[in-house]
2 protein chains.
Amino acid sequence: MQDTKERIIELADRLIKTRGFNAFSYKDISDPLEIKNAAIHYYFPSKADLGIAVIEQEIEKLATNKLKWATLPEDKQLQLLFDTFNQKSKQGFVCLMGSLSPDYETLPAPMQEKVQQMSENVLEWTTLCLEHGRNRDLFHFDGEAYNRALLVISDLLASLLLSRVMGSEVFDKMSRQLLNDLL
Amino acid sequence: MQDTKERIIELADRLIKTRGFNAFSYKDISDPLEIKNAAIHYYFPSKADLGIAVIEQEIEKLATNKLKWATLPEDKQLQLLFDTFNQKSKQGFVCLMGSLSPDYETLPAPMQEKVQQMSENVLEWTTLCLEHGRNRDLFHFDGEAYNRALLVISDLLASLLLSRVMGSEVFDKMSRQLLNDLL
DNA sequence: AAAATTACTTACTTGTAGGTAAGTAAGCAA
DNA sequence: TTGCTTACTTACCTACAAGTAAGTAATTTT
């Protein structure tokens, strides 16, 4: 029956990525799962606790992929990162950073820390991927790998935001151009 | 006394750019302006009406800049666009698109339309600027100007989001690298 | 068999959100 | 000077948000 807890996190994750942290309520979770709102408070005393659980899950997924992809050539690794964003795009989701960073000032401090941690992890991974890939001549770009990582992650994040507003073809155009630039 | 209306729009604009549309309330406006919440409803019957007024103001500012900058060389124009984002960065604001697009699904339909209109305007302007600038050999990039515009606007938008979370040096690093790539 | 723990529900509370109906003081218009 | 408009305020309402205290049925531990 630990199942309920995971379902709550999973739904909260979707709600954050579709509607935003401040725009969903416990009712949006308790109704579809056919539980009472107090059941959510049983597992997550405050909404911040639920938010933190969602971010931690994302950080874990990232760590898992990092390990799973570690032996692949860097261009393949980057392609797999793009694939995860493509999936989000098709589901109409934005990424967690894209959803939580605009609301950053309204988030409780412990959530802010987790968001920071998440952003550092993503940036670190992407920087190393680009740097090693360039060393092996798989990527071609000017400037420091960290700065390039900032731009790449920004483009991926914003492609999901713009796709929402301007249509899904935006994601395809952007990711194609981005890969063209790097390869 | 039409002053009050403009002050309401101005404050709403700030609140959207610092806390997000769903995270501010009429009290956040009525308290500092020392008016009652009903005074806001007098000018803007619903919160959506206020949101629309804010977006329309932004669209007008864009049109004004477009005219004001029309005679300058395209690299100067782009630099001025970057400057407006730099100002936002220093004030701790994100741009309107960066704030409203994550909440897009939760916005009332008339606001969604205005957000679309705004995004189209920005993209059109940036596309033409890049295209003409490349024709005059002021910019150097591969691919269609529209696709490049998507990437540039994405980077600017996301630079403000990431700066919030990771610190203001992120904006400088990104904008410097971005300009380096184009010039 | 008794005691404790788990996984919830029932039934609230408090706060605040957006929104409205009715009133009013000041200015302008006929 | 009477009436209309403007720019609000007063005083509400309803809905719903997050959160909590107390209870309970089922399982697990001792």
Side-chain angles (χ1 to χ4, degrees), chain A residues 1-55 99-100 102-112 114-115, chain B residues 1-55 99-100 102-112 114-115:
Chain A
M1 293 262 171
Q2 195 63 349
D3 210 58
T4 300
K5 190 177 180 181
E6 280 159 35
R7 276 195 236 172
I8 292 170
I9 296 176
E10 202 52 43
L11 229 186
D13 181 80
R14 270 147 109 109
L15 286 165
I16 291 174
K17 289 172 179 171
T18 50
R19 315 182 62 78
F21 186 72
N22 289 317
F24 85 87
S25 77
Y26 281 43
K27 204 166 181 280
D28 296 323
I29 292 174
S30 57
D31 276 0
L33 296 189
E34 288 173 300
I35 55 177
K36 302 296 160 181
N37 76 335
I40 308 174
H41 284 286
Y42 170 71
Y43 291 109
F44 306 100
S46 78
K47 201 181 174 184
D49 295 311
L50 177 52
I52 287 169
V54 169
I55 305 172
S99 176
L100 295 178
D103 296 342
Y104 190 73
E105 298 297 330
T106 74
L107 301 178
M111 273 191 75
Q112 292 186 338
K114 283 288 163 190
V115 172
Chain B
M1 291 266 168
Q2 193 63 346
D3 211 60
T4 300
K5 189 177 180 179
E6 280 159 36
R7 276 196 235 171
I8 292 170
I9 295 177
E10 203 50 44
L11 230 186
D13 181 80
R14 271 149 108 109
L15 286 165
I16 291 174
K17 288 171 180 170
T18 49
R19 314 180 65 76
F21 186 73
N22 290 318
F24 84 88
S25 76
Y26 280 44
K27 203 165 180 282
D28 296 323
I29 293 174
S30 57
D31 277 359
L33 296 189
E34 288 175 299
I35 56 177
K36 301 296 160 178
N37 76 336
I40 309 173
H41 284 286
Y42 170 70
Y43 292 109
F44 306 101
S46 78
K47 201 181 176 186
D49 295 312
L50 177 52
I52 287 169
V54 169
I55 305 173
S99 176
L100 295 178
D103 294 344
Y104 190 73
E105 298 296 329
T106 74
L107 301 177
M111 274 191 74
Q112 292 188 337
K114 283 287 163 191
V115 172

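In what follows, every chain begins at residue 1, and chains take the letters A, B, ... in the order their sequences are listed.
With rounding to whole Å, A:L33 atom CG is found 14 Å from C:dA7 atom C1'. Rounded to whole Å, the distance from CG on B:D31 to C1' on C:dA17 is 14 Å. Counting to the nearest Å, the P atom of C:dA17 and the CG atom of A:N22 are 12 Å from each other. One can place CZ of B:F24 at 11 Å from C1' of C:dG18, the figure rounded to the nearest angstrom. B:I40 places its CD1 atom 16 Å from the P atom of D:dA7, with the value rounded to the nearest Å. We find that OH of A:Y43 is positioned 19 Å from C1' of D:dA18, with the value rounded to whole Å. Rounded to whole angstrom, the span from the NZ atom of A:K36 across to the C1' atom of D:dT24 amounts to 15 Å.
Proximity note for B:T4 (side chain, C-beta onward) versus D:dC8, D:dT10, C:dT9: the nearest is D:dC8. Checking C:dT9, C:dG18, D:dT9 against the side-chain heavy atoms of B:S25 singles out C:dG18 as nearest. Distances were taken from every side-chain heavy atom of A:Y42 (C-beta onward) to each of D:dA17, C:dA7, C:dT9; the shortest belongs to C:dA7.
Judged by a 6.0 Å distance limit and a 45° cone about the ring axis, B:K47 is positioned over the six-membered ring of B:F21.
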- Whether each nucleotide of nucleotides 19-27 of chain C has a protein heavy atom under 4.0 Å at its base (B), only at its sugar-phosphate (S) or at neither (-) is summarised, 5' to 3', as BB-------
